2 protein chains.
Amino acid sequence: MIKIEDVARLAEVSPSTVSRALTRPEMVAPTTRERVVHAAHQLGYQPNKLARGLRKRQSHLLGLMVTDILAPFHATLAKGVQDAAEKHGYVVFLFNTDEQPEKERRYLKELQGHLPEGLLIVPTSQTRQNLGIVPGLTVIELDRTSGTPGVHSVLVDNVAGARRAVEHLIQLGHRRIGMVAGPPTVTTAVERLEGYKQALKAAGIPFQRRWVATGDHKEEGGYRAARQMLELPLEQRPTALFAGNSEMAAGAVLAIRDLGLRIPEELSLVSFDDTRWARLMQPPLTVVAQPAYDLGYLACETLISILGRQEPVQATSLRLATELIVRSSAAPPPQR
Amino acid sequence: MIKIEDVARLAEVSPSTVSRALTRPEMVAPTTRERVVHAAHQLGYQPNKLARGLRKRQSHLLGLMVTDILAPFHATLAKGVQDAAEKHGYVVFLFNTDEQPEKERRYLKELQGHLPEGLLIVPTSQTRQNLGIVPGLTVIELDRTSGTPGVHSVLVDNVAGARRAVEHLIQLGHRRIGMVAGPPTVTTAVERLEGYKQALKAAGIPFQRRWVATGDHKEEGGYRAARQMLELPLEQRPTALFAGNSEMAAGAVLAIRDLGLRIPEELSLVSFDDTRWARLMQPPLTVVAQPAYDLGYLACETLISILGRQEPVQATSLRLATELIVRSSAAPPPQR
DNA sequence: ATGATTGCTGCAATCGTTTGCAAACTCTCG
DNA sequence: CGAGAGTTTGCAAACGATTGCAGCAATCAT
């Protein structure tokens with residue numbers, strides 16, 4: 001590994017001058033600068049970030065923790081974060097917590113040793129406590145909030161998105177609408193349920209407990225929840241289902257198929273969160289699409305801009321709008 | 001940030017002793033050790049990896065470059081890598097090259113400054129040249145090879161996988177089988193085409209140029225390629241299609257639908273690479289599944305074991321087997 | 001011509017950790 | 001009691017970069 005001293009020797013200057021020529025060009029004479037730059041290039045010099053980070057006490061490193069990198073939503077979000085980070089010369093450490101608070105703890109400790117300048121995190125249920133591991137670190141929460149005071153957040157307008165989806169079903173004539181809800185420990189799930197309730201209320205449809213089944217945001221849970229509602233006696237059975245996320249929607253699709261129901265003739269289905277297969281399945285699924293890439297990109301930009309400021313910044317909170325994409329999985333309820 | 005000196009003061013020993021107590025316990029007296037450990041714990045001491053890395057000239061860092069983190073195959077692979085890395089105390093930098101050699105260059109430079117100990121890479125078309133940026137680094141290529149001498153690789157047995165898929169179609173009675181192939185610059189695409197040819201040859205079916213259309217491994221390219229073959233006059237048109245990867249299979253599905261053909265009654269479809277939607281679409285897609293997670297996990301384990309050895313290691317190459325998952329998108333050809 | 005100013009460069013200290021070496025201490029045994 | 005061996009500890013020098021300070025030369029004003 002070429003170091004600054006090698007460049008210095010070749011350019012016949014001191015290491016200090018090399019450092020300055022490369023990082024603060026205006027401080028060194030043009031002719032010297034050129035000699036240094038040339039020597040550096042010739043040797044293929046790359047500054048040692050460890051040494052630099054140690055001395056400058058900054059790493060240009062960001063941490064990103066998502067709960068499930070395999071979910072397209074998270075992968076997309078991660079890409080947005082990385083693209084934004086790269087634009088500003090930051091590098092990001094990506095960790096996958098798998099929704100496990102204990103993994104989150106471990107990764108936070110690991111991360112801390114690398115002196116990150118900021119953290120972007122999709123919280124788990126224990127994030128509020130876990131953040132104690134990294135005191136003083138600037139944190140932005142993505143997608144969900146942990147309720148930790150003082151942290152910034154970039155979220156999606158879940159209430160409005162869910163309400164819009166359910167309104168769509170209501171407009172088609174549905175009155176018995178079931179919701180496959182996510183776990184109440186996750187803020188997005190709570191908000192989407194709230195949107196569902198608001199839509200019902202606005203339409204004067206009474207809220208019914210039996211038409212809400214809770215899953216775990218996974219396919220398996222979605223399958224069970226959907227099945228539970230669809231096995232109600234025919235006259236109580238929902239004519240439409242609203243799934244709280246795409247994984248559970250996948251489970252719902254499987255359940256619906258197993259019960260031999262046809263979409264959308266016998267049952268309408270709308271889901272939160274768009275995916276590749278939503279467009280490819282037959283019939284294509286009507287969904288509430290989230291701006292996942294923008295979410296990540298924006299969050300990262302926000303984080304970096306906060307890092308740039310001297311004085312402490314008020315905790316900011318951003319909500320991005322969703323978009324209802326009407327495809328063909330929702331239709332008027334069957335006549336009887 | 002608590003440093004070793006703080007711990008030393010609290011435990012009333014020198015910094016050297018703290019360092020030894022924490023990293024080479026057998027070198028310090030039990031009572032001292034305990035005092036140090038206790039002090040460290042009490043202060044919440046976390047070693048500064050930058051300083052340590054600088055001094056020991058090792059970072060416990062690995063680089064991972066994939067060409068498309070949004071593709072489930074890559075995301076899964078990345079997860080395998082990370083899980084294995086974590087098990088051994090390594091951290092991984094994830095980069096996304098988007099198939100762009102120039103991004104790859106940039107990221108390699110960036111990575112180099114952090115003194116990674118190894119690199120796992122899904123090569124692009126220029127990887128062979130680009131690897132010159134990181135001389136001496138231990139490299140493992142994943143999924144594809146770049147032809148660089150001396151690098152290790154962990155791959156999938158594409159030839160056998162593709163052959164198996166096409167044999168399946170032949171067994172069903174197909175004789176006119178089209179292949180939506182990937183770009184010839186990518187080794188996996190070449191190998192899968194080879195498998196296709198081998199299967200035909202073994203069955204005594206002559207290879208025909210017009211039944212191979214090349215896409216770009218993306219949906220768009222798959223759509224065009226499929227369409228091109230399916231618009232041949234009826235008696236020349238393939239009765240089955242084999243897609244070289246899942247993205248192109250998605251394009252093919254769309255093309256088939258646009259042409260109003262039914263799967264599998266009028267056209268059979270088999271694809272390389274399993275995905276979520278392959279199982280969810282109607283009819284579920286028959287695919288050649290790749291052990292993506294294992295690929296990443298194994299590659300990372302291999303890399304780490306190589307790093308552990310002193311003497312230079314012979315370039316190793318691993319091939320993992322694929323699995324044909326028969327679902328319902330392939331059936332006997334229509335009778336005429 | 002002199003002193004002040006400016007621009008450029010190098011010296012040396014620093015970031016937090018590890019580690020070779022030697023000093024200090026403990027223990028054993030003649 | 002003291003030599004020798006074996007432990008345990010601390011000192012100080014690294015690792016590779018950045019930066020405050022001071023020195024030096026060139027330029028400018030008077």
Side-chain angles (χ1 to χ4, degrees), chain A residues 1-37 39-40 43-61 89 91 109-117 136, chain B residues 1-37 39-40 43-61 89 91 109-117 136:
Chain A
M1 181 94 184
I2 304 297
K3 49 186 178 177
I4 218 169
E5 203 187 313
D6 304 323
V7 179
R9 198 165 19 238
L10 181 58
E12 298 181 295
V13 290
S14 75
S16 340
T17 304
V18 174
S19 170
R20 277 188 286 250
L22 264 25
T23 59
R24 297 190 294 179
E26 74 286 357
M27 287 189 70
V28 6
T31 69
T32 321
R33 184 195 316 155
E34 212 206 329
R35 222 165 59 236
V36 170
V37 169
L43 295 174
Y45 169 72
Q46 277 293 118
N48 181 326
K49 307 256 163 139
L50 267 49
R52 173 182 288 177
L54 179 60
R55 170 64 226 236
K56 300 184 71 166
R57 321 180 103 243
Q58 49 156 279
S59 54
H60 268 235
L61 228 64
V91 190
K109 280 190 183 162
E110 174 66 40
L111 182 65
Q112 198 202 13
H114 293 273
L115 307 192
E117 297 179 25
Chain B
M1 181 97 183
I2 306 296
K3 48 187 177 177
I4 220 169
E5 203 186 314
D6 304 323
V7 179
R9 196 163 23 236
L10 181 60
E12 298 180 296
V13 290
S14 75
S16 338
T17 303
V18 174
S19 171
R20 278 188 283 250
L22 266 24
T23 59
R24 296 189 295 179
E26 74 286 358
M27 287 190 71
V28 9
T31 68
T32 323
R33 185 194 317 155
E34 212 205 328
R35 224 167 57 238
V36 170
V37 170
L43 295 174
Y45 169 72
Q46 276 293 118
N48 181 328
K49 308 255 165 142
L50 266 48
R52 174 180 288 178
L54 179 60
R55 171 63 225 233
K56 300 185 70 167
R57 323 180 100 241
Q58 50 156 279
S59 54
H60 268 235
L61 229 63
V91 190
K109 280 191 184 163
E110 175 66 39
L111 181 66
Q112 198 202 13
H114 293 273
L115 306 193
E117 297 180 25

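Note on naming: letters A, B, ... go to the chains in the order of the sequence lines (proteins, then strands), and numbering restarts at 1 for each one. Note that the coordinates shown come from a computational prediction; the quantities given were computed from them, not determined experimentally.
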Protein-to-nucleotide contact annotation, 5' to 3' order, nucleotides 9-16 of chain D [B base; S sugar-phosphate only; - none; under 4.0 Å, heavy atom]: BBBBBBBB

Rounded distance in Å - CD (A:E5) to C1' (D:dA17): 11 Å

Which residues share a side-chain hydrogen bond (donor to acceptor under 3.5 Å, both in side chains) with A:E110, sequence neighbours left out: A:H114, B:K49

d(CG, B:D6; P, C:dC15) in whole Å: 12 Å

Rounded distance in Å - CD (A:Q46) to P (D:dA17): 11 Å

Tabulate protein N/O versus nucleotide N/O from nucleotides 5-7 of chain C, keeping only pairs under 3.5 Å, one per line.
none

Nearest-angstrom distance from the residue atom CZ of A:R35 to P of C:dC8: 14 Å

Five-pair end axes of the helix from C:dA1-D:dT30 to C:dG30-D:dC1, angle between them (10°): 50°

Listed partners of B:R55 passing side chain to side chain contact (heavy atoms under 4.5 Å, CB included), at least two apart: none

Exercise: identify the closest heavy-atom pair between B:Y45 and B:L22: CE2-CD2, 3.7 Å

With sequence neighbours excluded, residues passing salt bridge (charged side-chain N to carboxylate O under 4.0 Å, His left out) with A:K3: none

Non-hydrogen atoms of A:L111 and A:P116 that approach each other most closely: O-CD, 3.2 Å

Pairwise salt bridge (Lys or Arg N to Asp or Glu O under 4.0 Å) hits with a residue in residues 16-30 of chain A, at least two apart: none

For B:R9, all residues meeting salt bridge (charged side-chain N to carboxylate O under 4.0 Å, His left out), sequence neighbours excluded: B:E5, B:D6

For A:V13, side chain to side chain contact (heavy atoms under 4.5 Å, CB included) partners two or more places apart: A:A11, A:T17, A:V18, A:T32, A:R35, A:V36

Nearest atoms (heavy-atom pairs only) where A:I2 meets A:L43: CG1-O, 3.4 Å

B:Q58: partners by side-chain hydrogen bond (donor to acceptor under 3.5 Å, both in side chains), with sequence neighbours left out: B:H60

